Protein chains: 2
Amino acid sequence: MSRSLVSKNSKSVSNVKPADVRPEKNDCPQLKLAPRDRIVSTACELFRQHGIRGIGVDAIAEAADTNKMTLYRHFGSKDDLICETLRFKSEQASAFWDELEAQHPNDPLARLHGWVKARAQCLADNQYGCDLANAAVELKEQGHPAHAVIETFKLAQRRRLEALCRDVGVSEPELLSDTLSMLMEGAQVSKLATGSEGPSMRFLRACEAAIASFCQPAATP
Amino acid sequence: MSRSLVSKNSKSVSNVKPADVRPEKNDCPQLKLAPRDRIVSTACELFRQHGIRGIGVDAIAEAADTNKMTLYRHFGSKDDLICETLRFKSEQASAFWDELEAQHPNDPLARLHGWVKARAQCLADNQYGCDLANAAVELKEQGHPAHAVIETFKLAQRRRLEALCRDVGVSEPELLSDTLSMLMEGAQVSKLATGSEGPSMRFLRACEAAIASFCQPAATP
DNA sequence: CATGGGTGTGACCGGTCGGTAACTATACGG
DNA sequence: CCGTATAGTTACCGACCGGTCACACCCATG
């Protein structure tokens, strides 16, 4: 008598059909952006909601209020589109850093706390984690062009955070920077896996504690 | 003149065909375990390598040196199999905790450091991160039975780590526990996204620094 | 030797995938 | 007003997906 001979016909792993997406077509009318831009931003959203492998090009095109042919005229393949959406997200993140710098000029510590606060807010706002990191998890085929985009993005983020920690004048800026990076990345995936009542609920306090401990003259006795 | 009209016919998002997997069939002969167990452990490995959506039931069955019918006689659906592999991994993790307890009886602090060291080793050894967390990232369909398995697992892990921190007698055990959880989760996905030269390279030091700072009477001035 | 449960085989199903072809409709700049 | 470029439409392709069927097989137990 073997175990688990139950629950047939679930189908929940299969992709999302165009019909499931259509109702959201006009949620963000995007006021007649160029088709290409509509496709990119729609793909961003659908990749994030359903996963890269979980949504088809047909559904993306339809949700973007266009069609597959037009999509393929702008992007040679789905992989191309994936890379483009990741680059798009990269640029948004880069803009966030510029904004942060503008908000707290000449005050690195305020910038660092601003960073933590913004990340915590972002964590609370969306339930899908970092698109770039999720893509890295989802796309296992090594050599996939997306990996280069992801790595470039993560490297840039790391550099900026490390530079910020250095500007604050903290002891061991690389260690603090990488600690904060891991806390952030971990908070996002943890929220996906465990829900908002999991470890991620203490993300902000964990970051502040880490920063405080590195601002002390030395944490070792 | 629009951008990126290049690179057609990549296909790298498509699933792995049985033929691609067959050569590895005998890598781990598993010495004629029962078909059911061969399927579970093979599925574990292939899910981890290719992602849950990236491998088909046919390929799993073939790699397990059996066939699709037998697979479906033991597991009513692919989703069933997914859940079973996640439960399998959960049990392995649970066994790891027991082992840890046996290695350092009556010495919570050694146990905590042992945990960090083991996690760091695991991080160095495998390149695929936490299977349960990866599944959470990959399976966006809410209501998927795997989510319950994942949540149960993560909850158990969190409880054990928090109990350990409490036993150590640290200040704010929940905060340290969740900090370590996030560091670990973050290190794994960061390694996937950024590679082994990214933030994850400082995972061990980050953990030790966190523990040290919580062992101080107080980190706040 | 029979019988019956677990296993292997191969064909098959409807559906979706990523991607393409051929043709039409629209917009815009000269 | 025409030519060109872009966008929309429909149908199609081969491949693969998760899942099922009927049937032969093996082998232990009675």
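The chains referred to below are lettered A, B, ... by the order of the sequence lines, with proteins before strands, and numbering in each begins at 1. Reckoned from all heavy atoms, side chains included, excluding hydrogens, waters and symmetry mates. Nothing here was measured: the structure is a model prediction, and the numbers come from that model.
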> Considering residues at least two apart in sequence or located in another chain, which fulfil the side chain to side chain donor-acceptor pair (under 3.5 Å) criterion with B/Glu45?
B/Gln49
> Quick test of your reading: applying side chain to side chain donor-acceptor pair (under 3.5 Å), list the pairs with at least one residue in residues 185-201 of chain B, sequence neighbours left out, ordered by first then second residue.
B/Lys154-B/Glu185
> Any donor-acceptor pair, under 3.5 Å, between the side chain of A/Lys68 and the base of C/dG19, if you only look at N and O atoms?
yes
> Quick one: on DNA chain C, does A/Val57 or B/Thr66 contact a more 5' nucleotide (nearest heavy atom)?
B/Thr66
> What is the distance, to the nearest angstrom, from the CD1 atom on A/Ile39 to the P atom on C/dG19?
14 Å
> Rounded off to whole Å, could you give me the CG-to-P distance for the B/Asp65 and C/dG8 pair?
8 Å
> If I take atom CG in residue A/Asp58 and atom C1' in nucleotide D/dG8, what distance separates them, rounded to the nearest angstrom?
13 Å
> In whole angstroms, how far is the P atom of D/dC17 from the OH atom of B/Tyr72?
11 Å
> Tell me the interatomic distance from B/Asn67, atom CG, to C/dC12, atom P, rounded to whole angstroms.
18 Å
> Taking only side-chain nitrogens and oxygens of B/Thr70, does any of them come within less than 4.0 Å of OP1 or OP2 of C/dT7?
no
> Does the distance from a Lys or Arg side-chain N to an Asp or Glu carboxylate O, for B/Asp167 and B/Arg111, drop under 4.0 Å?
yes
> Charged N to carboxylate O below 4.0 Å: is that the case for B/Arg158 and B/Glu174?
no
> Between A/Val57 and A/Phe75, does a side chain to side chain contact (heavy atoms under 4.5 Å, CB included) hold up when you go through it step by step?
CA-CA 11 Å; A/Val57 287; A/Phe75 310 94; over 6 Å; no
> B/Glu62 has an atom CD; how far is it from atom P of D/dC17, in whole Å?
11 Å
> Output yes when at least one side-chain N/O atom of B/Ser77 is less than 4.0 Å from OP1 or OP2 of D/dG18, else no.
no
> In this structure, how many angstroms lie between the P atom of D/dT9 and the CG atom of A/Leu71, rounded?
14 Å
> Check this for me: does the side-chain of B/Arg73 come within 3.5 Å of the base of C/dG8 through a donor and an acceptor?
yes
> Report yes if at least one side-chain N or O of B/His74 is closer than 4.0 Å to OP1 or OP2 of C/dG6; otherwise report no.
no
> What nucleotide among C/dG19, D/dA7, C/dG10 has an atom nearest to a side-chain atom of B/Met69?
C/dG10
> How many whole angstroms separate atom CZ of A/Arg36 from atom P of D/dG8?
15 Å
